**Student:** 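This is the structure I have questions about; it appears just below.
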Amino acid sequence: MGERRVSDFEGRVYAALCEVPRGCVTTYGLLAKRLGAASARAVGQALRRNPFAPGVPCHRVIRADLRMGGFQGAAAGARVARKRRMLAAEGVLFEGGRLKEPARVFRFPR
DNA sequence: AGACCCGGACGCG
DNA sequence: CGCGTCCGGGTCT
């Protein structure tokens, strides 16, 4: 059976992500820092297996270089296209493959 | 222990 | 800018 426990790390990732408001995005690296971890990849893995989608807005996480990054296990293709549409619906646009307005990157309060 | 992963930083041409 | 390469950390085999 597929019931999988949410690890402590995953729980912290999801909680931190929920701080990011609609219309904003954050990056894997920023989330990692926020958790005191140093691995953006570990964050990506946790999001990839996000059991609370779309309650936990994993589509609001992009790469540090302001490209979109993956979505639901895919680095490109239909899933990523869906991610772009979800963001566009919130006013977060991409241009030339990069975030159009870098000011939309959310600053976590300290 | 080793492989795998939705990234990131750095070096070089 | 576009590589290539190493890195780190959490989870799954």
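Naming: A, B, ... by sequence-line order, numbering from 1 per chain. Because only heavy atoms are used, hydrogens play no part in the values below, and waters and symmetry mates are left out as well, while side chains stay in. Note that the structure is a prediction, hence the values are computed from the model and not measured.
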**Student:** Please list every donor-acceptor pair under 3.5 Å in which a side-chain atom of residues 71-81 of chain A meets a protein atom from a residue at least two apart or in another chain.
**Tutor:**
none

**Student:** Reading DNA chain C 5' to 3', which nucleotide is the first, and which the last, to come under 4.0 Å of any heavy atom in chain A?
**Tutor:**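 Endpoints of the contacted stretch of DNA chain C: C:dC7 to C:dC12.
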**Student:** With rounding to the nearest 0.5 Å, note down the distance linking OG1 in A:Thr27 to CD1 in A:Ile62.
**Tutor:** 7.5 Å
**Student:** Just to verify, what does A:Arg41 make a salt bridge (Lys or Arg N to Asp or Glu O under 4.0 Å) with, not counting sequence neighbours?
**Tutor:**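 Salt bridge (Lys or Arg N to Asp or Glu O under 4.0 Å) check on A:Arg41 returns nothing, list empty.
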**Student:** State whether the side chain of A:Lys100 and the backbone N or O of A:Val92 hold a donor-acceptor pair below 3.5 Å, judged by distance alone.
**Tutor:**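 No, A:Lys100 side chain to A:Val92 backbone: no donor-acceptor pair under 3.5 Å.
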**Student:** In chain order, what residues pass the side chain to side chain contact (heavy atoms under 4.5 Å, CB included) check against A:Arg12, with sequence neighbours excluded?
**Tutor:** A:Asp8, A:Phe9, A:Leu35
**Student:** Near DNA chain B, counting only heavy atoms under 4.0 Å, which residues of residues 97-110 of chain A show up?
**Tutor:** none
**Student:** How many angstroms lie between atom CG of A:Leu99 and atom CZ of A:Arg67, to the nearest 0.5 angstrom?
**Tutor:**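 So the CG of A:Leu99 and the CZ of A:Arg67 are separated by 12.0 Å.
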**Student:** Can you check whether A:Cys18 reaches A:Val56 side chain to side chain, under 4.5 Å on heavy atoms?
**Tutor:**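 The answer is yes, as the side chains (C-beta and beyond) meet within the 4.5 Å cut-off.
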**Student:** For DNA chain B, what is the dot-bracket line, given that a base pair needs Watson-Crick (N1 to N3, plus N6-O4 or O6-N4) or G-U wobble (N1-O2 and O6-N3) geometry with both distances under 3.5 Å, and | means paired with another strand?
**Tutor:** |||||.|||||||
**Student:** Could you work out, with side chain to side chain donor-acceptor pair (under 3.5 Å) as the rule, every residue matching A:Glu90, not counting sequence neighbours?
**Tutor:** A:His59, A:Arg60
**Student:** Given side chains that start at C-beta, do those of A:Met68 and A:Arg63 come closer than 4.5 Å, heavy atoms only?
**Tutor:** no
**Student:** Provide the closest heavy-atom pair for A:Phe108 versus A:Leu31 in the form atom of the first, atom of the second, distance.
**Tutor:**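 In terms of heavy atoms, the two residues are closest at CZ-CD2, 3.7 Å.
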**Student:** Please list residues of residues 15-49 of chain A whose heavy atoms come under 4.0 Å from any atom in DNA chain C, ordered by number; otherwise none.
**Tutor:**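 Heavy-atom contacts with DNA chain C come from A:Ala38, A:Ser39, A:Arg41, A:Ala42, A:Gln45, A:Arg49.
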**Student:** If we ignore hydrogens and angles and just use 3.5 Å, is the side chain of A:Arg104 paired with the main-chain N or O of A:Gly23 as donor and acceptor?
**Tutor:** yes
**Student:** Please check this pair: side chain of A:Lys33 against backbone of A:Ala38, looking for a donor-acceptor N/O pair closer than 3.5 Å.
**Tutor:**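 Checking the backbone N and O of A:Ala38 against the side chain of A:Lys33, no donor-acceptor pair under 3.5 Å is found.
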**Student:** CG/A:Leu30 to CZ/A:Phe106 distance, rounded to the nearest 0.5 angstrom?
**Tutor:** 10.5 Å
**Student:** Please enumerate all residues that pass ring pair (Phe, Tyr, Trp, His ring centres under 6.0 Å) together with A:Phe94, with sequence neighbours excluded.
**Tutor:**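 A:Phe94: no ring pair (Phe, Tyr, Trp, His ring centres under 6.0 Å) contacts found.
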**Student:** Looking at residues 54-83 of chain A, who's got a heavy atom less than 4.0 Å off DNA chain C?
**Tutor:** none
**Student:** So which of residues 7-14 of chain A are in contact with DNA chain C, with a heavy-atom cut-off of under 4.0 Å?
**Tutor:** A:Ser7, A:Phe9
**Student:** Just jot down the side chain to side chain donor-acceptor pair (under 3.5 Å) partners of A:Arg34, sequence neighbours excluded, or say none.
**Tutor:** A:Glu19
**Student:** Any chance you could measure A:Phe52, atom CZ, to A:Leu47, atom CG, to the nearest 0.5 Å?
**Tutor:** 12.5 Å
**Student:** Say whether, by atom type as modelled, one donor and one acceptor occur between the side chain of A:Tyr14 and the main chain of A:Ala46 under 3.5 angstrom.
**Tutor:** yes
